[in-house]
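Structure, as structure tokens:
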Amino acid sequence: MISTNNLTYKYQGGTDIVFPDIVCEEKDILLILGTSGVGKTTLLHLLGGILSIQKGSVNIGGIEINKLSGSGLDAFRGQNIGIIFQQNHFVDALTVLENVMLAQSLAGKKADKNAAKQLLDRLNIGHKAAKNIRDLSQGEKQRVAIARALINQPKLILADEPTSALDDINCQEVLNLLHEQAKAAGSALVVVTHDTRLKDKIANRVILQTI
Amino acid sequence: MSILQLAWRNIIKNPLNLLMSIILFGLGVGLISFLLLFNSQLKEKFDKNLAEIDLVVGAKGSPLQMILCSMYHIDNPTGNIPIKNAAPLLRDLHPLIKKAIPLSLGDNYKSFRIVGTNHDLVELYNGKLKDGSLWSKDFEVTIGRSVADDTGLKVGDKFISSHGFNEDDDMSHDHSSFIVSGILEGTGSVLDQLILTNTATIWLVHEHEEAGAQEETSQTNVGHDHNDHSHDNSNADLLNHPDQEITSVLIQYKSRTNFQALNFGRNINENTEMQAASPAIEINRLYNMIGVGTDALRSLAILIAIVSALSIFISLFKSMRERKYELALIRVLGAGRIKVFALIILEGLILAAIGFAIGTLLSHVGMELVAKHLKADFRYSFTGWKWLSEEWMVFGVALVLGFVAAVIPAIQAAKTDINKTLSEK
């Protein structure tokens, strides 16, 4: 579903960051491990089409996103990539349900209230659907962020440090939840983290190292 | 959830932040639209009452005052003129004059002015009878539409006048009892607020006034029988009383472009005890005088509007910075730069539209309040419930201001580097 080839990035005045090639099939889970400063977030942004690719290529579902133009990339990202950030941001003016539905309409899809509600129910926060997003706890917000990333049944789900703030029990739970939902949506799941607790839980992994 | 809905939700999320900008904007728009409403109605009233009168001749004094008094009935007379002086104007055979309408002003009833004149005045303003007939005898009056509406007078009713424009019970003329012979239909002109009678009636009232004054000292009173003599309405009859006085004469020329007509007014001013003034010129002068005031107000309104646009700009800029993660998120979720740009622009436009709505409400309610006040003071009817096509123009300008205020924050928002924003912790 997602594969990279010779991906290299260079920040202005910095040295080349060379990333190992990665592959992740649909319904699979790939762990990208690395300590701070090795370019985890850079890689995530490259995979997510947030940072434009300078060298190498990223193929998602048969499309080389390095060949997409600005607005084409925006649309592709909205429709095919769901991203869960370490710190999840929402549109504060909207309710929980509306925040999920916003992802539908911004991806150019029809806002489907029922689908959004069902997904929130599946993530056990359906009862908070009408609440303002600001009134939710961090844990609840993370579930909303997962729902938002899943709602368009993307080809790829990227998760940035989804467990680093959680204790062992919750860490396991969130990981299971993510994997379950990714499988249900038929997406490839790529988790980027420094959380070594996950190492033993996911077989398919890539470790980033400074060269 | 469209971009428009999102913009709207962002605005109502924190209405207090924007309250100041919106109120300020509303104030600017309100002032401008109030000036438009007021000026257009004022001009309409003045123009309607010009009624093709070319010249007004009356006692020497302020020409503007004479015009305001004789044509608009919103000021006191400059004085009276003896009929013998005005006689050349009133003769039927005058070569330049098509119509000469004498006016005698003085008393009022419930602050509606009683005017002694002839039937030509009714014709001049295209007045039509609604009830009864025009006045034919002394102390018979025909009343305008507003007079009938406000006082409830009907044909056959009698009433007693009081002196001057201000109603004052002590000054009531006990013995001048008028009878309503007819009611005119509304014309939208000054005719609506007049009580019309013949010139002789005005004289008779003033004879009473003097008799009344004597009565107070001597306690003897010889009642005046209204019906012992009667006057017809013609100018010829006025000429039979050369020592009596009238207030002014409204004149229509046979031909406006006649060379002699052009000099006619000047001749009167230079060679007689009377003064002549052209309504068109005097009203223009008045516009110019009012114009200084309205110009200053308009500049103030524009200044307020600009300051408020600046304040909208600042609030949008501030809110855009506070929401930079939100905006980056919207980009991540698939919105292109154009959509983010449109979002901020829409917020500016919505603010401007709300400001316009508030301002329009303010100006129309304000105009209606001023109209009530003007009606009570001057008997002129204005209204706040009228929509001018210029107001659409004000709406357009308001939207342009909203756009201009939003354009810099919108460009900033569209240019934001989402990678950088999202990498910041």
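Naming: A, B, ... by sequence-line order, numbering from 1 per chain.
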Is B:I418 in contact with chain A via its backbone, its side chain, both, or neither, using a 4.5 Å heavy-atom distance? both

Per-residue contact mode, A:D92 against chain B (heavy atom under 4.5 angstrom): both

Could you list all the ring pair (Phe, Tyr, Trp, His ring centres under 6.0 Å) pairs where at least one residue sits in residues 295-315 of chain B, not counting sequence neighbours? B:F313-B:F317

Set of ring-ring contact (aromatic ring centres under 6.0 Å, His included) partners for A:F76, sequence neighbours left out: none

Lys/Arg N to Asp/Glu carboxylate O, A:D195 vs A:R197, below 4.0 Å: yes

Tell me, for A:I50 versus chain B, whether the close heavy atoms (under 4.5 Å) come from the side chain, the backbone, both or neither. both

Most heavy-atom pairs under 4.5 angstrom with chain B, which of A:G72, A:A149, A:A111, A:A103? A:A103

Basic-acidic side-chain contact under 4.0 Å: A:K117, A:D121: no

So, the side chain of A:S187 versus the backbone of A:K183: is there a donor-acceptor pair under 3.5 Å, distance only? no

Could you have a look at B:D417, B:L329, B:I3 and say which one has the most heavy-atom pairs with chain A under 4.5 angstrom? B:L329

If contact means a heavy atom pair closer than 4.5 Å, which residues of residues 330-350 of chain B contact chain A? B:I330, B:R331, B:V332, B:L333, B:G334, B:A335, B:G336, B:R337, B:K339

Carboxylate-amine/guanidinium contact A:E140 A:K128, below 4.0 Å: yes

Would you list the pairs meeting ring pair (Phe, Tyr, Trp, His ring centres under 6.0 Å) in which at least one residue belongs to residues 389-421 of chain B, sequence neighbours left out? B:F356-B:F395, B:W387-B:W392

B:F38-B:F382 aromatic ring centre distance below 6.0 Å: yes

